[in-house]
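Read the structure below first, then the notes.
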Amino acid sequence: MLDIKFIRQNLDLVQEKIRARGMDIDLAAFRELDARRRDILQEVESLRNERNTVSRLIGERKKKGEGVDDLMARMAGVGDRIKALDEELAACEEELRSIVMNIPNVPHDSVVFGRGPEDNPVIREWGERPSFAFPPQPHWEIGERLGILDFARAAKITGARFTLYRGLGAMLERALINFMCDLHIFEHGYTEVLPPFMVNRQSMTGTGQLPKFEEDLFRVAGVDYFLIPTAEVPVTNIHREEILEEKDLPIKYVAYTPCFRAEAGSYGKDTRGLIRQHQFNKVELVKFTTPDTSYEELELLTSDAEDVLKKLGIPFRTVSLCTGDLGFSAAKTYDIEAWMPGQGAYREISSCSNFEDFQARRAQIRFRPAGGGKPILVHTLNGSGLAVGRTVAAVLENYQQSDGSVIIPQVLRKYMGGIDRIAPVG
RNA sequence: GGAGAGAUGGCUGAGUGGUCGAAAGCGAUCGCCUGCUAAGCGAUUGUACGCCCUAAAAAGGUGUACCGCGGGUUCAAAUCCCGCUCUCUCCGCCA
């Protein structure tokens, strides 16, 4: 969420930035509620002041054995008035809060204006797209033919948008998870964490999934817990309501977790293959930084994620999301898109964002400056490093051979007992 | 699942209705002392939201709230009552 004071002082700017995102929120209601809140606050606080003063006086008089009837009479009804005003204030603040919680982050100045994905500028491209002497197959066909991806049985076990990995397919997924984690831990200096896969409502609110996006989440029956849609949620909330030390920043975490998404409203999109699943594995990078280093750290984080594709030898391009495509909480986002020859398209495989203090304010994550002084909100960043299922898809499509087999990229072989190829059975 | 104990500031820990935002200690910061370090002495040391001051901010002044969370009783609640959450101990069950 944005700073209420910032909204109050920059009402027009905020209004304009919301429009650039293609949203329309009327801030007139904000202005009105904000003013009313301060009026009520002043009234109730002066009443409280009176009550505190008189109560103290009653205490003193009683100690001396003097009468207090006149003071008691004066206080009659004051309590009720305070209570009534408190209720009014609470209602007012609740309304104000729901407006502010639904205001998206302000895009960074470097983010270009645009309506949707087609307006995202390409920042860089890497790798040479492989050429094939045969029509390259999409990964779902490769996977089913090799007997390593079984969508039909997953549908029987659970339903649509689930996958059963089998044999070397399961091993490939697991190898990728280990390869990615090791790379980020040993070469990029991240600390590994393994968080809970369910979180409470407060955590979901802290990172911005709630209150606005509840329909995208799986909720656990019986308790108010949610399955995590990304490790960003539990990992960012590690430091919720904490004051960190500046010397400890930046803090860099890497976490492998499964992710669970309801994918409401995506019917008919990406119905085949590993691209859009209700459950998928992801290795996530999360950083906590000072405000003046967060954009450098975003570049580094993005390059850490790109490094995975470079080491796997998979061509990709990196785009910067335009205002119309930017997520609710992000100030700036780079999407890394892997080349998928079987689909003849680049597909998102990682999304790296700087949230500035938007999540930190909701989650109250601060740091104490090195020289002392008041705590300052940290900047939070995260990015996929990478989405594992989509990486399996990219490996299958980029490394497919004319005989129907798939070569295992060199860097993964030590994670697969030396196996260098997935060959068709028989 | 059953029984019991607990939750107070950066940390330890006192406080069972009235000048308690909260003793004491530790830690931290500043100053003094000291050849250096240590020790010693003195001072300062929570967060949020209003208002005043300010061009604005910081600083300062002032008010209010916060002693796990939410309600209640009372002129007055860290303190009494109710509900909830979490932690610990014991018992049961269990991967």
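Model, not experiment: these values are computed from the prediction.
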Taking salt bridge (charged side-chain N to carboxylate O under 4.0 Å, His left out) as the criterion, tell me which of A/E32, A/E93, A/E95, A/E88 meets it with A/R37.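 Output: one option passes, namely A/E93.
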
Any N/O pairs under 3.5 Å between the protein and nucleotides 59-64 of chain B? List them or say none.
unit_1: B/rG63; atom_1: O3'; unit_2: A/N49; atom_2: ND2; d: 2.9
unit_1: B/rG63; atom_1: N2; unit_2: A/E45; atom_2: OE1; d: 3.0
unit_1: B/rG63; atom_1: N2; unit_2: A/E45; atom_2: OE2; d: 3.3
unit_1: B/rU64; atom_1: OP1; unit_2: A/N49; atom_2: ND2; d: 2.7
unit_1: B/rU64; atom_1: OP1; unit_2: A/N52; atom_2: ND2; d: 3.3

Filter on ring-ring contact (aromatic ring centres under 6.0 Å, His included), then keep only pairs touching residues 191-238 of chain A, sequence neighbours left out; what's left?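 Applying ring-ring contact (aromatic ring centres under 6.0 Å, His included) to every pair that reaches into residues 191-238 of chain A, excluding sequence neighbours, yields A/F213-A/F328, A/F218-A/H278.
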
Looking at [X], I want to see if its [atom1] is surrounded by more than 12 non-hydrogen atoms of other residues, nucleotides or ligands under 6.0 Å.
X      : atom1 : answer
A/M416 : CE    : yes
A/K414 : NZ    : no
A/R81  : CZ    : no
A/R74  : CZ    : no

If you measure from the [atom1] atom in [N] to the same atom in [M], how many Å do you get, rounded?
N      : M      : atom1 : result
B/rG4  : B/rA14 : P     : 23 Å
B/rA78 : B/rG17 : P     : 13 Å
B/rA7  : B/rA95 : P     : 36 Å
B/rG71 : B/rC49 : C1'   : 23 Å
B/rU64 : B/rA77 : P     : 13 Å
B/rG46 : B/rU89 : P     : 35 Å
B/rC94 : B/rG27 : C1'   : 44 Å
B/rC67 : B/rU8  : C1'   : 4 Å

Evaluate the salt bridge (charged side-chain N to carboxylate O under 4.0 Å, His left out) criterion for residues A/E284 and A/K282: first the C-alpha distance (whole Å), next the side-chain angles of each, then the deciding distance (0.1 Å), finally the verdict. CA-CA 6 Å; A/E284 183 78 359; A/K282 185 155 60 72; 2.6 Å; yes

May I ask you to say what A/R366 touches in the nucleic acid, namely base, sugar-phosphate or nothing, with a heavy-atom cut-off under 4.0 Å?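 It contacts sugar-phosphate atoms only.
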
Describe the nucleic acid contact of A/R74 in one word from base, sugar-phosphate, nothing, applying a heavy-atom distance below 4.0 Å.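 It contacts nothing in the nucleic acid.
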
Cationic N near anionic O, under 4.0 Å, [X] to [Y]:
X      : Y      : result
A/E397 : A/R390 : no
A/K17  : A/D109 : yes
A/R161 : A/E263 : no

Specify the separation, in whole Å, of atom [atom1] of [X] and atom [atom2] of [N].
X      : N      : atom1 : atom2 : result
A/D86  : B/rC66 : CG    : C1'   : 14 Å
A/R361 : B/rC49 : CZ    : C1'   : 14 Å
A/Q202 : B/rC84 : CD    : C1'   : 14 Å
A/I243 : B/rG9  : CD1   : C1'   : 11 Å
A/L96  : B/rC49 : CG    : C1'   : 13 Å
A/E241 : B/rA7  : CD    : P     : 20 Å
A/M72  : B/rG18 : CE    : C1'   : 12 Å
A/L47  : B/rA76 : CG    : C1'   : 15 Å

Pairs under 3.5 Å (N/O, protein and nucleotides 67-73 of chain B):
none

Under 3.5 Å donor-acceptor pair, A/K63 side-chain atoms to B/rG18 base atoms: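 Looking at the base of B/rG18, it does not pair with any donor or acceptor on the side chain of A/K63 (distance under 3.5 Å).
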
The test is side chain to side chain contact (heavy atoms under 4.5 Å, CB included); show your working for A/F6 and A/V14 and say whether it passes. CA-CA 9 Å; A/F6 176 82; A/V14 173; 3.8 Å; yes

Could you work out which one of B/rC75, B/rC49, B/rC86 sits closest to the side chain of A/R37?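 So the nucleotide nearest the side chain must be B/rC49.
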
Checking contacts here: which listed nucleotide (B/rU19, B/rU47, B/rC86) is nearest the side-chain heavy atoms of A/E60?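 Looking only at side-chain atoms, A/E60 lies closest to B/rU19.
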
For residues 49-68 of chain A, which residue pairs qualify under side chain to side chain donor-acceptor pair (under 3.5 Å), counting only residues two or more places apart or in two chains?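 The answer is A/R61-A/D70.
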
Protein-nucleic acid N or O pairs under 3.5 Å, nucleotides 51-55 of chain B:
unit_1: B/rC51; atom_1: OP1; unit_2: A/R38; atom_2: NH1; d: 3.4

When you measure from the side chain of A/N398 to the backbone of A/A394, do you find a donor-acceptor pair of N or O atoms at a distance under 3.5 Å?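 Such a contact is found between A/N398 side chain and A/A394 backbone.
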
Keeping the roles fixed (side chain from A/R362, backbone from A/T205), state whether a donor-acceptor pair exists under 3.5 Å.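 Yes, the answer is positive, given that a donor and an acceptor are paired below the 3.5 Å cut-off.
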
Given Watson-Crick or G-U pairs with both distances under 3.5 Å, what dot-bracket string fits RNA chain B, with | for other-strand pairs and [ ] for crossing? ((((((((.[[[..)..(.....]]]((((((.......))))))(((((((.......))))))).[[[[[..)....]]]]])))))))....

Which class fits the ring pair A/H188 and A/Y190: parallel under 30°, tilted 30 to 60°, perpendicular over 60°?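 A/H188 vs A/Y190 ring planes: perpendicular.
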
Pick from A/E306, A/R124, A/E299: which one makes a side chain to side chain donor-acceptor pair (under 3.5 Å) with A/Y334?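 Running side chain to side chain donor-acceptor pair (under 3.5 Å) over A/E306, A/R124, A/E299 with A/Y334 returns exactly one hit, A/E299.
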
Which residue lies more 5' along RNA chain B, comparing A/A76 with A/E93 via nearest heavy atoms: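 The residue whose closest nucleotide sits nearer the 5' end is A/E93.
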
